[in-house]
Amino acid sequence: MEELVVHILKEYGFLLYPFISAWTFVEGETVVIVTGVLASEGRFNVSVELLALAALTGSFFGDQLYYYIGRKYGSPLLKRWPKLTGKMEWAFLAVNRTPAMFILSFRWIYGVRNVAPFIVGIAGVPRVKYLVLNFIAAAIWAHSFAWGGYYMGRKLEDWLGDSKWFVLFGFVAFMIGFGVFGALRGKRKSDEISAAQNPPPSEGSS
């Protein structure tokens, strides 16, 4: 990822921010952190605020699109592939229980963030409510990782020099692992709730 961003900065510097928006439209925070770290080095003319704005734009509009797809086509798709419902059941429970908290937090849950807007759309969360909460969540997410990468890069440079990239990617791997753990834990809770609500028939029942 570092090599890709550096190549764009060297060869097509003016395309950096559109690239960040396009990447975050479909993907996560790694490119934002890496670019924030590169901004801290001073080798390239990178504005952290523009980086955050580009990440916000891509993430916000991407999740708006997935929300409307879920709202319009989600139910027919689930009827066509019913197994998907079981895999996402815990997320449906979460959005129905506390929709605002789910919308504000799903970007931080690895393994669910790409399908979460789709689920929110199926759940019928009102358009204006989702738009406002999605914008707030995207702004917090984008600024956290853009400035987090920047300040992390400055500190790691002081401590570790060029070895900082190993620590950085170790941190990203840790975040991904933590997100996977959270997603699996939520799924387990969902399975427990589902089992309690639908107990298996007793052996003597007919």
Side-chain angles (χ1 to χ4, degrees), residues 17-18 20-33 49 51-148 172 175-198:
Y17 304 114
I20 296 293
S21 291
W23 191 280
T24 53
F25 188 93
V26 295
E27 255 300 336
E29 65 282 335
T30 305
V31 70
V32 185
I33 297 174
E49 269 302 323
L51 168 63
L53 178 61
L56 186 163
T57 302
S59 180
F60 172 75
F61 283 106
D63 288 343
Q64 285 297 126
L65 174 63
Y66 304 145
Y67 165 80
Y68 281 108
I69 291 174
R71 191 175 180 92
K72 187 168 184 179
Y73 302 107
S75 295
L77 288 174
L78 290 181
K79 289 179 181 178
R80 185 172 182 180
W81 293 294
K83 289 184 179 180
L84 293 176
T85 305
K87 293 180 180 179
M88 299 186 294
E89 186 175 359
W90 72 271
F92 279 111
L93 290 173
V95 72
N96 286 324
R97 188 164 54 242
T98 54
M101 184 59 65
F102 183 79
I103 295 167
L104 290 172
S105 63
F106 69 69
R107 279 180 175 81
W108 306 85
I109 307 174
Y110 191 85
V112 73
R113 88 184 145 211
N114 290 335
V115 298
F118 182 77
I119 294 169
V120 174
I122 297 173
V125 174
R127 293 179 178 87
V128 174
K129 180 177 182 178
Y130 179 73
L131 185 146
V132 172
L133 290 172
N134 185 39
F135 181 83
I136 294 171
I140 295 171
W141 175 87
H143 281 83
S144 295
F145 285 107
W147 286 104
V172 172
M175 288 176 51
I176 292 173
F178 184 78
V180 170
F181 172 78
L184 292 175
R185 185 178 179 185
K187 185 178 185 304
R188 186 181 66 184
K189 288 183 178 180
S190 172
D191 292 341
E192 291 173 354
I193 293 171
S194 179
Q197 292 175 344
N198 302 285

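Just so it is clear, the values below take in all heavy atoms, side chains as well, and ignore hydrogens, waters and symmetry mates.
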Determine the minimum heavy-atom distance between S105 and M101, stating which atoms define it.
-> OG-O, 2.7 Å

With sequence neighbours left out, the residues meeting side chain to side chain donor-acceptor pair (under 3.5 Å) with W23 are none

Working for side-chain contact (heavy atoms from CB on, under 4.5 Å), residues F102 and R97 | CA-CA 9 Å; F102 183 79; R97 188 164 54 242; over 6 Å; no

Going by atom type alone, with no hydrogens or angles, which donor-acceptor pairs under 3.5 Å involve a side-chain atom of residues 117-129 and a protein atom two or more places apart or on another chain?
none

Name all residues meeting the side chain to side chain contact (heavy atoms under 4.5 Å, CB included) criterion together with A146; count only those two or more places apart in sequence or in a different chain, and write none if there are none.
-> V32, V48, L51, A52

Can the ring centres of W141 and F106 be said to be less than 6.0 Å apart?
-> no

Between CG on residue L53 and OG1 on residue T57, distance to nearest 0.5 Å = 4.5 Å

Side chains of R107 and N114: do they bring a donor and an acceptor to under 3.5 Å?
-> no

In chain order, what residues pass the ring-ring contact (aromatic ring centres under 6.0 Å, His included) check against Y68, with sequence neighbours excluded?
-> none

Counterpart residues, ring-ring contact (aromatic ring centres under 6.0 Å, His included), relative to Y67 (two or more places apart) | Y130

Report yes if some heavy atom in the side chain of F61 is under 4.5 Å from a heavy atom in the side chain of N134; otherwise report no.
-> no

Could you point out which residue of L133, V132, D63 forms a side chain to side chain contact (heavy atoms under 4.5 Å, CB included) with I103?
-> L133

Backbone N or O of I140 within a donor-acceptor pair of the S144 side chain at under 3.5 Å?
-> yes

Closest non-hydrogen atoms of I20 and A55, given as atom of the first, atom of the second and distance, are CG2-N, 3.8 Å

Check for a donor-acceptor pair, side chain of S59 on one end and backbone N or O of L56 on the other, with a separation under 3.5 Å.
-> no

Determine the minimum heavy-atom distance between F92 and V95, stating which atoms define it.
-> O-CG1, 3.3 Å

Of all heavy-atom pairs linking S21 and T24, the shortest is O-OG1, 3.3 Å

Taking ring-ring contact (aromatic ring centres under 6.0 Å, His included) as the test, write out the residues that go with F60, two or more places apart.
-> F135

